[in-house]
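A short write-up of the structure that comes next.
Side chains included, hydrogens not; waters and symmetry mates left out as well; all remaining heavy atoms used. Residues: numbered from 1 along the sequence shown. All values derive from a computational prediction rather than experimental measurement.
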Amino acid sequence: MQQRSRRRCEGTAMGAILLDLQPGLGLGPFNLGMPICEAFAQIEQRPNIYDVVHVKYFDEEPLKLDIVISFPDHGFHLRFDPWSQRLRLIEIFDVKRLQMRYATSLIGGPSNLATFVAVYALFGPTFPGIYDKDRGVYTLFYPGLSFAFPIPNQYTDCCHDGEAELPLEFPDGTTPVACRVSIFDSSTVKKVGIGALMDKASAPPLPAGSLYMEEVHVKLGDELYFAVGSQHIPFGASPQDIWTELGRPCGIHQKQVDQMVIHSASDPRPRTTLCGDYFYNYFTRGLDILFDGQTHKIKKFVLHTNYPGHADFNSYIKCNFVIHVSGSFDETNSKNTITPSTKWEDVKEILGDCGRAAIQTQGSTNNPFGSTFVYGYQNVAFEVMKNGYIATVTLFKS
C-alpha cells in the first residue's frame, strides 16, 4: 500500500470545518459517484481547508483495493472504486474532528457529540441495527447513511440476538458515541457499515448517455470507435473532423521532438526541441491526438489509463479502451482484446514477445514514481509500469 501526501500547509485549525451531510448523496463538496479528478479539483480550490491530504493505493495490484483520499486532520476519507475511479463510499472515521450539518442541525465535532440518542433524535426512527459481537460495534442504518457505535463489554447484553432497543442507553444512563459514519448510495444496497459491510458500497449508476468510461474500441492501424457517441475516428482525419466528432479539445500544444527518433537511422529531421506536429488533448476522455504539422492529418493516438503511481495520474480521466487484436470490432473473446485491466504478461501472451524495452523516465531522474518501460509492436506501443500494468497506449500506422 502506497501513501503519498498531496499537500501540507499551515493555517487551518484541526476540526475547524463544517460540511453539509447529505445521506445517500455526499458530504460537503464531495458527491457519491464523482470521478477522482473532480475530487482533487475540489481539494485544489480550497487549499486552506484541505491542507493535509493523503492518497493511498495498492501499488502492486492497483485494481484490488480502493484508491483512498484521506483528510487526517478532519477525520474523514473518500473511497474510490479502483476500476471506475468513482467515489463509492465516504467514511468519517473520527467523528469528534468533523462537524456536520444536517438540514439546520449540527452533529459531530468536539461540541456536538454524535451520541446514539442525539442521532436518533435528529434522523428519526429506524429499524433496529446490527450488532457485530466480534468487533463490539452496533451499527444503526438509515437510507444512504449508517452510524457505528462501540459497545463496552459490560453492556453487550443490551444487544439481544444482534439487535438492541432504540434509542440505546446503558444502565448507568450514558449513551454510546458514534465512532464511524458511512455515507453511501442506497439505490442498490441498504446496509453499509464497517468490516464486510463496507465492501457492499458501490458508486451510483451513471446517467444514461454519460461519456464517462465510454468504451473506445481500437482497430490497430485503422481507427477508433466511440461506443456511446458512435463516432469513427480514423488515422488521417483532420482537425476539423475531430472538432465535429469530439468537440473542442481541452488543450492544444506543440509536440517536442520524440527522443526515440534517434534510434531511426533513416529519420532526416533536425534535432531541435520542437517540431511542427501538435497534440489535441482530451483530458476528460483520457485521450491525446497527434497531428502531422505539415499535412494536418492524425498520425498518432495516445490512450491513458490514469493509474495511481504514474507521473500523469490525475491529469487525465481513465480511457476505457478495448483493443481488438483480430481487427474486428465484433470480437468479444477476451483472449483477443486488450483493455486497461490487461497486465503486461497477458499482453505478451496475446501479441507475442517484442524484445527488450526502452526505459522512460518522464523527463526527470527525480521522478518519484520511477521509470516506466516502453514496448513496441506493429501499429502500437505500450508504456508499462513496474507493477506490470499499462500506463499509456500509443497507436500509430506503420
Min side-chain heavy-atom separation I67-P62 under 4.5 Å:
no
Look up atom CD1 in I183 and atom CZ in R88, then write down how far apart they are to the nearest 0.5 Å.
14.0 Å
Salt bridge flag under 4.0 Å for residues D353 and K348
no
Under the ring-ring contact (aromatic ring centres under 6.0 Å, His included) test, which residues partner F149, sequence neighbours left out?
F116
Does any donor atom in the side chain of H324 or N336 lie under 3.5 Å from an acceptor atom in the other side chain?
no
Quick one: sort the F147 and Y142 rings into parallel, tilted or perpendicular, breaks at 30° and 60°.
perpendicular
Would you indicate whether D172, at its atom CG, is surrounded by more than 12 heavy atoms from other residues, nucleotides or ligands within a distance under 6.0 Å?
yes
Matching residue for I323 among T342, L220, T337 - test: side chain to side chain contact (heavy atoms under 4.5 Å, CB included)
L220
State the CG-CG distance between L87 and L32, to the nearest 0.5 angstrom.
5.0 Å
Kindly write out the residues that satisfy side chain to side chain donor-acceptor pair (under 3.5 Å) with Y278, not counting sequence neighbours, or none if the list is empty.
H296
Residues in side chain to side chain donor-acceptor pair (under 3.5 Å) with T175, at least two apart?
none
Do Q254 and D277 pair up side chain to side chain, a donor and an acceptor below 3.5 Å, judged on atom types alone?
no
Using a 4.5 Å cut-off on heavy atoms from C-beta on, say whether the side chain of V55 contacts that of F40.
yes
Is it the case that S84 and D81 place a side-chain donor and acceptor less than 3.5 Å from each other?
yes
In plain terms, say whether K343 and E349 are close enough for a salt bridge, that is, a side-chain N and a carboxylate O under 4.0 Å apart.
no
Is a side-chain donor-acceptor pair under 3.5 Å present for T372 with E383?
yes
Any heavy-atom pair between the side chains of K300 and T394 that's under 4.5 Å?
yes
Would you give the length of the straight line joining atom NZ of K318 to atom SG of C37, rounded to the nearest 0.5 angstrom?
13.0 Å
V374 side chain near F382 side chain, heavy-atom distance below 4.5 Å:
no
About how many Å separate CZ of F76 and CG of L98, when rounded to the nearest 0.5 Å?
6.0 Å
Heavy-atom count around E61 CD within 6.0 Å, excluding the residue itself: above 12?
yes
Just how far is it from atom CD1 of I130 to atom NZ of K133, taken to the nearest 0.5 Å?
14.0 Å
Hey, are D241 and S238 close enough side-chain-wise for a donor-acceptor pair under 3.5 Å?
yes
Can you confirm whether V393 sits close enough to V380 that some side-chain heavy atom of one is under 4.5 Å from a side-chain heavy atom of the other?
yes
CA sep, side-chain torsions, deciding dist, call: E214, N320, side chain to side chain donor-acceptor pair (under 3.5 Å)
CA-CA 6 Å; E214 174 184 23; N320 188 21; over 6 Å; no
Aromatic ring pairing W243/Y280, orientation class (parallel under 30°, perpendicular over 60°, tilted between)
perpendicular
May I have the step-by-step check of side chain to side chain donor-acceptor pair (under 3.5 Å) for Y316 and D288, ending in yes or no?
CA-CA 10 Å; Y316 296 82; D288 296 321; 2.7 Å; yes
Compute whether any side-chain donor of one residue and acceptor of the other, for Y50 and D73, lie under 3.5 angstrom apart.
no
Do N281 and H253 have side chains that get closer than 4.5 Å, going by heavy atoms?
yes
Heavy-atom distance under 4.5 Å between the side chains of L395 and L303, does that happen here?
yes
For the backbone of I390 and the side chain of T305, can you confirm whether one donor and one acceptor N or O come within less than 3.5 Å of each other?
yes
Please report whether the ring centroid of Y102 lies less than 6.0 Å from that of F123.
yes
Holding to salt bridge (charged side-chain N to carboxylate O under 4.0 Å, His left out), I want the full list of residues that pass it with R79, two or more places apart in sequence or in another chain.
D66, E91
Assess the residue pair F373 and W344 against the criterion (ring pair (Phe, Tyr, Trp, His ring centres under 6.0 Å)); give the C-alpha distance rounded to whole Å, side-chain angles, the decisive distance to 0.1 Å, and a yes or no.
CA-CA 11 Å; F373 307 93; W344 174 238; 10.0 Å; no
Decide yes or no for L287 and H304: does some side-chain heavy atom of the first lie under 4.5 Å from some side-chain heavy atom of the second?
no
Applying salt bridge (charged side-chain N to carboxylate O under 4.0 Å, His left out), name anything that partners D292, two or more places apart in sequence or on another chain.
K299
Geometric class of the F30/F71 ring pair [parallel <30°, tilted 30-60°, perpendicular >60°]:
tilted
With clusters built from Ile, Leu, Val, Met, Phe, Trp and Tyr whose side-chain heavy atoms come within less than 4.5 Å, directly or transitively, what are the remaining members of the cluster of Y307, listed by chain and number?
L63, W83, L206, Y212, M213, I317, M385, Y389
Can you check side chain to side chain donor-acceptor pair (under 3.5 Å) on D94 and H74, steps first, answer last?
CA-CA 8 Å; D94 191 342; H74 303 309; over 6 Å; no
